[in-house]
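Worksheet: the structure to be examined is printed underneath.
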Number of protein chains: 2
Amino acid sequence: MRIGDVAALAAVSVRALRYYEEQGLLASSRSPSGQRHYAQGAVERVKLIQSLYGAGLSSRTIADLLPCVDAQVSTPESRALLAAERDRIDRQIAELTRTRAKLDAIIEQTSRPNPHCDYTTEPGRVEAST
Amino acid sequence: MRIGDVAALAAVSVRALRYYEEQGLLASSRSPSGQRHYAQGAVERVKLIQSLYGAGLSSRTIADLLPCVDAQVSTPESRALLAAERDRIDRQIAELTRTRAKLDAIIEQTSRPNPHCDYTTEPGRVEAST
DNA sequence: CTTGCCGCTGACGTCAACGTCAGGTTTTAG
DNA sequence: CTAAAACCTGACGTTGACGTCAGCGGCAAG
């Protein structure tokens, strides 16, 4: 596959793929004329990279943990790294859940007309229907 | 309260607070000499702002929804905005959960010694002590 | 041969949420 | 009174994951 095909299938830009290669996240072989060529797994790998970026990992961190994905083997350091990132994501989910709850509370507050302070209802029409 | 106190209590930098003010997220009164003074609620507001930043909202978006927190009232537009951001956070949590699962799978794969492909054990000396 | 698309390599631009530094005033502690 | 700490206003610097532009090469169709 050429770079444009991978980009289309993984829904990322061509620029992003070159950047991933530059960061050591994605390998490619080269045709005699210098064009990149990708193996089958490339699309899946790019999707994985995207997920990890989306979870807030940096290129550097991803570069550190991808080899152990490839080799299916982990050193003590890589195990620690994997666990640390997993926990980070855990905490991130927890905080997002709290923030969502806050937003829900705001939605609740602002959507429900406020009975004891409802300057939108005219005097003489207090307590109509609940 | 002065800016340093708020910063300490909310665990953010002084620079951040000035930036929030610049973005219209945080109001302050001024002493005659020009120093900022904050009311009690400021610390809580800053924490809310931080949560929203943490959930990926931009200054602009926060600025759009904070007034409706203050007024306890929502217009149709603000309701739509609140709902949209809530849903974004929902999707974000879902994606993070998927990514965490991927990481868990990787941890599982790399932690468990792979019996049919264990090139780390030498032939003839399987199962020795280190 | 030419047109046109795809790909290549630099290399500068972007954007947001601050960090940091300069240079000056104010407040506080002793 | 004085020194330190805290505050002020600009204004430039930082960082990461790309976007974008310039200029060039290669190659299949017509």
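Chain identifiers are assigned alphabetically (A, B, ...) following the order of the sequence lines, protein sequences preceding nucleic acid strands; residue numbering begins at 1 within each chain.
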Spacing of A:Ile49 atom CD1 and A:Glu44 atom CD [to the nearest 0.5 Å]: 11.5 Å
Interface with DNA chain C, restricted to residues 37-48 of chain A and to heavy atoms under 4.0 Å: none
For atom CD1 of A:Ile3 and atom P of C:dC6, their distance in whole Å: 13 Å
Pair B:Val43-B:Lys47, side chain to side chain contact (heavy atoms under 4.5 Å, CB included): steps then yes or no: CA-CA 6 Å; B:Val43 173; B:Lys47 288 181 180 173; 4.0 Å; yes
Any A:Arg36 side-chain N or O less than 4.0 Å from OP1/OP2 of C:dG7: no
Salt-bridge criterion met for A:Arg18 and A:Glu21 (N-O under 4.0 Å): no
Got a list of protein N/O to nucleotides 18-21 of chain C N/O distances below 3.5 Å?
{"unit_1": "C:dC18", "atom_1": "OP2", "unit_2": "B:Tyr20", "atom_2": "OH", "d": "3.0"}
{"unit_1": "C:dG19", "atom_1": "OP2", "unit_2": "B:Ser13", "atom_2": "OG", "d": "2.5"}
{"unit_1": "C:dG19", "atom_1": "N7", "unit_2": "B:Arg15", "atom_2": "NE", "d": "3.3"}
{"unit_1": "C:dG19", "atom_1": "O6", "unit_2": "B:Arg15", "atom_2": "NH2", "d": "3.1"}
{"unit_1": "C:dT20", "atom_1": "O4", "unit_2": "B:Arg15", "atom_2": "NE", "d": "3.1"}

Sugar-phosphate, base or nothing in reach of A:Ile62, heavy atoms under 4.0 Å: nothing
A:Arg18 CZ - C:dT9 C1' separation (whole Å): 8 Å
B:Gln35 vs B:Arg60, nearer the 5' end of DNA chain C by closest nucleotide: B:Arg60
side-chain N/O A:Ser33 vs D:dC27 OP1/OP2, d < 4.0 Å: no
Nearest-angstrom distance from the residue atom CD of A:Gln23 to P of D:dC18: 9 Å
Note: A:Arg86-B:Glu108 ion pair, threshold 4.0 Å (strictly below): no
Between B:Tyr53 and B:Ser59: side-chain donor-acceptor atoms closer than 3.5 Å: yes
Student check: side-chain heavy atoms of B:Val6 and B:Leu17 closer than 4.5 Å: yes
Separation of D:dG10 C1' from B:Glu21 CD (nearest whole Å): 15 Å
N or O in side chain of A:Ser59 less than 4.0 angstrom from D:dA17 OP1/OP2: yes
Given DNA chain C, 5'-ward residue of the pair B:Leu57 and B:Arg2, judged by closest heavy atom: B:Leu57
Value in whole Å for how far the P atom of D:dA17 lies from CG of A:Leu26: 15 Å
side-chain hydrogen bond (donor to acceptor under 3.5 Å, both in side chains) evaluation trace for A:Glu77 with A:Thr75: CA-CA 5 Å; A:Glu77 301 85 48; A:Thr75 68; 3.2 Å; yes
Salt bridge B:Asp64-B:Arg60, side-chain N to carboxylate O under 4.0 Å: yes
Distance in Å, B:Ile107 CD1 paired with A:Arg79 CZ, rounded so as to fall on 0.5 Å steps: 10.5 Å
Sugar-phosphate, base or nothing in reach of B:Arg30, heavy atoms under 4.0 Å: sugar-phosphate
